[in-house]
A.B. asks: 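So that we are looking at the same thing, I have put the structure below in structure tokens.
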Amino acid sequence: MRLSRYFMPTLKEDPKEAQIASHRLMLRSGMIQQSSAGIYSWLPLGHRVLKKIEQIVREEQDKAGAIEILMPTIQSADLWRESNRYDDYGKEMLRIEDRHGRDMLYGPTNEELVTDIFRSHVKSYKDLPLNLYHIQWKFRDEVRPRFGVMRGREFLMKDAYSFDLDYEGAKIAYNRMFVAYLKTYARMGLKAIPLRADTGPIGGDLSHEFIILADTGESEVFYHKDILSLETPEDKDYSADELQAIVDKWTGYYAAADEMHDPDNCPIAKEDLVSRRGIEVGHIFHFGQKYSEPFGASVAGPDGKETLVSMGSYGIGVSRLAGGIIEACHDENGIIWPEAVAPFKVGLINLKSGDDACDAACEDFYGKLQNAGVEVLYDDTRERAGGKFATMDLIGLPWQVTVGPRGLKNGVFEVKNRASGEKEELSAEAALQKLVG
RNA sequence: CGGGGCAUAGCACAGCCUGGUAGUGCGCUCGCUUUGGGAGCGAGAGGUCGCAAGUUCGAAUCUUGCUGCCCCGACCA
């Protein structure tokens, strides 16, 4: 992409409404634009990041055996009356009336809808286990939206719903998601910690939330220091026992959110305990028959008896992760994208657009990167050098390639790693080699 | 939902107290000079001062109401 043809409205100064790093940087780098409180448009740069996160989540869900569907944002109140949540959910639910006076709502979650789909079509235990997920916009009318996309009212979320014949099956489904989550966050360059969670209004007796560490996190977490050195599960099909072993290993270490942590009764030694701030980026629940019962979601078991299915739900805040990753990965100059979610892998800086030698070298290199399938943002504008460097640092692409008259005299480009700040001078061929693959 | 704050050009702000029809920096346009980490000079464009009522000869400025946004707390992917 040529910057001169792109739409990337960056800001030199901090918008005053943005207090935390990710919000500030997302606005300054032109990723998002606020539409109203807690509701954002995603501009090209932000949209690319959102899609990358979404795709990683999708791939890991698919690998874990979940099947993608897409349910609507607008739901009928009738379904929510069946589960009795229409009245219970409170003002967080955005209620809408259609022209016929029917009560509708903008879905804050999809247990009702997915259970309705399930009960309409699944009648036999032979069709289980089943795990359906979608990645869809949700709306929760938060009293006080804040922190940009981290705590918006409208947000993109992956939510999966598992259906099993019994608790044993449901637990396997739960563990499968647990492991998929560890892999998902690791792919994004994040270290996520599973915390035993309070099950809250959704209810249930098996639940974990996944948090990533960031100094600006919303809540304090306490954990055993060794949990950070645990190995991420491999990319393979684990047996039920293997899944359980992985979950046991990860949950064997102490990890607790502020409200669950009692400093006087902490089971681990002080020197092993670490306290940092965290951002919740996922939450998984087993809730058994909480919805299958009111919805009559049952299947015929092997014995011919109708059995209410045992369910769980598994959320990942996709749009929140965009902010969360920035909270975890930035410095005073801007964002430092992990490569897997970066909007582009390489930023190519032409220090002297209009200069024949610089233009030719850049055009050639730009074409080669593109042919090699490397996503590159080519700054071909007439902006001054300082401005170009500052913008590249701000938007945080993992690699910067600087092409200027000075380097060209010696036949070299400067290749800079945004994360480490390391720079090296390489020939065009060597630079290409380094950036491809 | 309790408490507080803010609203003036695309962005950040001054002006308001003590009423007289709007200004600074950045950004934008044009020209010249510059050119390896957010340049300099010159010339421009851009504002129903959030909305509505009131007070007044006259309101960005004073009064009232409304709306929007932000912050602290209680609550959440």
Side-chain angles (χ1 to χ4, degrees), chain A residues 9-20 23-24 27-28 30 33-39 53 57 89-93 107-110 135-160 181 197-202 207-212 218-219 257 259 278-285 313-324 333-334 349-355 358 379 381-394 400 402-410 412-414 416 421 423 425:
Chain A
T10 54
L11 300 171
K12 203 161 158 181
E13 291 170 79
D14 290 331
K16 70 168 172 185
E17 73 267 22
Q19 300 298 312
I20 61 161
H23 191 191
R24 227 171 45 228
L27 289 168
R28 282 195 54 204
Q33 176 168 340
Q34 179 164 329
S35 159
S36 59
I39 303 177
I53 295 170
V57 170
Y89 216 92
K91 288 190 166 176
E92 281 207 341
M93 182 189 281
T109 177
N110 288 64
I135 299 173
Q136 177 64 294
W137 292 92
K138 309 286 191 292
F139 196 93
R140 291 184 195 169
D141 200 358
E142 299 279 348
V143 196
R144 192 188 156 206
R146 66 186 114 167
F147 306 148
V149 299
M150 299 236 295
R151 177 97 182 265
R153 291 193 292 172
E154 188 182 57
F155 56 97
L156 187 61
M157 176 168 138
K158 184 283 301 183
D159 40 327
Y181 274 39
D198 193 0
T199 52
I202 297 182
S207 172
H208 287 88
E209 56 183 65
F210 290 77
I211 59 113
I212 56 175
E218 33 186 350
S219 54
E259 66 274 11
I279 300 166
E280 184 181 353
V281 291
H283 205 148
I284 60 178
F285 297 91
S313 78
Y314 315 90
I316 290 182
V318 173
S319 50
R320 169 179 281 195
L321 268 167
N333 294 323
I349 300 174
N350 185 341
L351 273 188
K352 197 168 182 182
S353 295
D355 175 88
C358 288
D379 188 345
T381 65
R382 299 295 182 110
E383 169 88 67
R384 305 167 55 78
K388 293 191 176 192
F389 289 130
T391 299
M392 277 302 172
D393 282 349
L394 174 64
Q400 297 173 11
T402 302
V403 177
R406 192 188 295 170
L408 280 185
K409 257 182 225 160
N410 304 317
V412 292
F413 297 172
E414 182 186 276
K416 174 178 153 184
K423 300 174 186 172
E425 301 209 317

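Below, all heavy atoms of this structure are taken into account, side chains as well, without hydrogens, waters or symmetry copies. Quick note on labels: first sequence line is chain A, next is B, and so on, each numbered from 1. Quantities reported herein were computed from a predicted structural model and do not represent experimental measurements.
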A.B. asks: Applying a 4.0 Å non-hydrogen cut-off, can you work out what A:G387 is touching in the nucleic acid: base, sugar-phosphate, or nothing?
C.D. replies: base

A.B. asks: For B:rG23, what is the paired nucleotide under Watson-Crick or G-U wobble rules, both distances under 3.5 Å?
C.D. replies: B:rC13

A.B. asks: Using a cutoff of under 3.5 Å, can you pull out all pairs of nitrogen or oxygen atoms linking the protein to nucleotides 23-25 of chain B, with atom names and distances?
C.D. replies:
unit_1, atom_1, unit_2, atom_2, d
B:rG25, N2, A:E13, OE2, 3.2

A.B. asks: Would you kindly say whether A:Q400 and A:D393 are connected by a side-chain donor-acceptor distance under 3.5 Å?
C.D. replies: yes

A.B. asks: May I ask you to say what A:D159 touches in the nucleic acid, namely base, sugar-phosphate or nothing, with a heavy-atom cut-off under 4.0 Å?
C.D. replies: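 It contacts nothing in the nucleic acid.
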
A.B. asks: Under 4.0 Å between any heavy atoms, over every strand shown, what does A:E92 touch: base, sugar-phosphate, or nothing? Just pick one.
C.D. replies: nothing

A.B. asks: Quick one: which of B:rA77, B:rC69, B:rG37 gets closest to the side chain of A:S36?
C.D. replies: B:rC69

A.B. asks: For B:rG36, is there a stacking contact with A:F389, counting only centres under 5.5 Å and planes under 30°?
C.D. replies: no

A.B. asks: If the C1' atom of B:rG23 is compared with that of B:rA9, how far apart are they to the nearest Å?
C.D. replies: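 Comparing C1' positions in B:rG23 and B:rA9 gives a spacing of 11 Å.
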
A.B. asks: Say you pick atom P in B:rA60 and the same atom in B:rA7; how far apart are they, in whole Å?
C.D. replies: 16 Å

A.B. asks: Suppose you measure atom P in B:rC6 against the same atom in B:rC62; what distance do you get, rounded to whole Å?
C.D. replies: 12 Å

A.B. asks: If pairing requires Watson-Crick or G-U wobble contacts with both distances under 3.5 Å, which nucleotide is the partner of B:rG38?
C.D. replies: none

A.B. asks: Mind checking A:K158 for me? I need base, sugar-phosphate or nothing, with any heavy atom below 4.0 Å counting as a touch.
C.D. replies: nothing

A.B. asks: In plain terms, say whether A:D141 and A:K91 are close enough for a salt bridge, that is, a side-chain N and a carboxylate O under 4.0 Å apart.
C.D. replies: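 Salt bridge flag = no for A:K91 with A:D141.
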
A.B. asks: Pick base, sugar-phosphate or nothing for A:G334, based on heavy-atom distances below 4.0 Å to the nucleic acid.
C.D. replies: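 The answer is nothing, as A:G334 stays clear of every strand by at least 4.0 Å.
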
A.B. asks: B:rG37, OP1 or OP2 - any side-chain N/O from A:Q400 closer than 4.0 Å?
C.D. replies: no

A.B. asks: Below 3.5 Å, does any donor atom in the side chain of A:R151 face an acceptor in the base of B:rC75, or the other way round?
C.D. replies: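 Indeed there is one.
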
A.B. asks: If you find the nucleotide of RNA chain B closest to A:L394 and the one closest to A:M150, which residue's nucleotide is nearer the 5' end?
C.D. replies: A:L394

A.B. asks: Round to the nearest Å and state the distance from A:I39 atom CD1 to B:rA77 atom C1'.
C.D. replies: 16 Å

A.B. asks: Using whole Å, report how far CG of A:D14 lies from C1' of B:rC71.
C.D. replies: 16 Å

A.B. asks: Determine yes or no for a side-chain-to-main-chain donor-acceptor pair under 3.5 angstrom, with A:Y314 supplying the side chain and A:Y181 the backbone.
C.D. replies: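 No; judged by distance alone, with no hydrogens or angles, the pair does not exist.
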
A.B. asks: Taking any strand in view, what nucleotide pairs with B:rA77 in a Watson-Crick or G-U wobble way, both distances under 3.5 Å?
C.D. replies: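 Its partner: none found.
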
A.B. asks: Is any N or O donor-acceptor pair between the side chain of A:R28 and the base of B:rG38 shorter than 3.5 Å?
C.D. replies: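 Indeed, a donor on one side and an acceptor on the other fall under 3.5 Å apart.
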
A.B. asks: Paired with B:rA43 by Watson-Crick or G-U wobble geometry, both distances under 3.5 Å: which nucleotide is it?
C.D. replies: B:rU29

A.B. asks: Using the P atoms only, state how far B:rC26 lies from B:rG40, rounded to an integer number of Å.
C.D. replies: 7 Å

A.B. asks: Which distance, rounded to the nearest 0.5 Å, do you find between the OG1 of A:T391 and the CZ of A:R28?
C.D. replies: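 Separation between the atoms: 9.0 Å.
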
A.B. asks: Counting side-chain heavy atoms from CB outward, which of B:rC72, B:rA39, B:rG36 is closest to A:R146?
C.D. replies: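 For the A:R146 side chain, the nearest candidate turns out to be B:rC72.
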
A.B. asks: In whole Å, measure the gap between the C1' atoms of B:rU61 and B:rA14 for me.
C.D. replies: 13 Å

A.B. asks: Roughly how far, to the nearest 0.5 Å, is the CE atom of A:M392 from the NZ atom of A:K416?
C.D. replies: 11.0 Å

A.B. asks: Roughly how many Å is it from CG in A:L408 to P in B:rU35, rounded to a whole number?
C.D. replies: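 Going from CG in A:L408 over to P in B:rU35 covers 18 Å.
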
A.B. asks: If I pick the P atom on B:rC41 and the same atom on B:rG25, what distance separates them, to the nearest angstrom?
C.D. replies: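 One P to the other, the span is 10 Å.
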
A.B. asks: Base, sugar-phosphate, or nothing: which does A:P9 touch, judged by heavy atoms less than 4.0 Å apart?
C.D. replies: nothing

A.B. asks: Start with the C-alpha gap between A:L351 and A:F389, add the side-chain angles, then the distance that decides, and say whether side-chain contact (heavy atoms from CB on, under 4.5 Å) holds.
C.D. replies: CA-CA 9 Å; A:L351 273 188; A:F389 289 130; 3.7 Å; yes

A.B. asks: Can you measure from CZ (A:R153) to CZ (A:R140) and round to the nearest 0.5 angstrom?
C.D. replies: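 One gets 14.0 Å once the value is rounded to the nearest 0.5 Å.
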
A.B. asks: Give, for atom CG of A:L321 and atom CD1 of A:I212, the distance between the pair rounded to the nearest 0.5 Å.
C.D. replies: 6.0 Å

A.B. asks: Paired with B:rC6 by Watson-Crick or G-U wobble geometry, both distances under 3.5 Å: which nucleotide is it?
C.D. replies: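 Its partner is B:rG68.
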
A.B. asks: For B:rU67 and B:rA52, measure between their C1' atoms and round to the nearest Å.
C.D. replies: 10 Å

A.B. asks: Which nucleotide, if any, forms a Watson-Crick or G-U wobble pair with B:rU61, using both distances under 3.5 Å?
C.D. replies: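 By the stated definition (distances under 3.5 Å), nothing pairs with B:rU61.
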
A.B. asks: Atom CD1 of A:I212 and atom P of B:rA77: how far apart are they, to the nearest Å?
C.D. replies: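 Rounded to the whole Å, the gap is 15 Å.
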
A.B. asks: Check every atom of B:rC76, B:rC72, B:rA39 against the side chain of A:R320 and return the nucleotide holding the closest atom.
C.D. replies: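 Among B:rC76, B:rC72, B:rA39, the one nearest the side chain of A:R320 is B:rC76.
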
A.B. asks: How about A:E414 and A:I349: do any of their side-chain heavy atoms sit closer than 4.5 Å?
C.D. replies: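 Not in contact.
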
A.B. asks: Closest approach to the side chain of A:A385, judged atom by atom: which nucleotide of B:rC76, B:rG36, B:rC11 is it?
C.D. replies: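 The nucleotide sitting nearest to the side chain is B:rG36.
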
A.B. asks: Counting side-chain heavy atoms from C-beta on, which of B:rG37, B:rC26, B:rC11 comes nearest to A:K12?
C.D. replies: B:rC26

A.B. asks: Using a cut-off of 4.0 Å on non-hydrogen atoms, how would the nucleic acid contact of A:G315 be classed: base, sugar-phosphate, or nothing?
C.D. replies: nothing

A.B. asks: Take A:V318 and A:K352, find for each the nucleotide of RNA chain B with the closest heavy atom, and name the residue whose nucleotide sits nearer the 5' end.
C.D. replies: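 Closer to the 5' end of RNA chain B: A:K352.
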
A.B. asks: Quick one: is B:rC6 close enough that its OP1 or OP2 comes under 4.0 Å of any side-chain N or O from A:K16?
C.D. replies: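 No, A:K16 has no side-chain N/O under 4.0 Å of OP1/OP2 on B:rC6.
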
A.B. asks: With the side chain of A:Q19 defined as its heavy atoms from C-beta on, choose the nearest nucleotide among B:rC70, B:rG36, B:rA77.
C.D. replies: B:rC70

A.B. asks: How many angstroms lie between CG in A:D355 and CG in A:N350, if you round to the nearest 0.5 Å?
C.D. replies: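 Rounded to the nearest 0.5 Å, the CG-CG separation comes to 7.5 Å.
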
A.B. asks: For the pair A:R320 and A:E280, evaluate side-chain contact (heavy atoms from CB on, under 4.5 Å) and give the outcome as yes or no after the intermediate values.
C.D. replies: CA-CA 9 Å; A:R320 169 179 281 195; A:E280 184 181 353; 3.7 Å; yes

A.B. asks: Which value, in whole Å, describes the distance between the C1' atoms of nucleotides B:rG20 and B:rG65?
C.D. replies: 27 Å

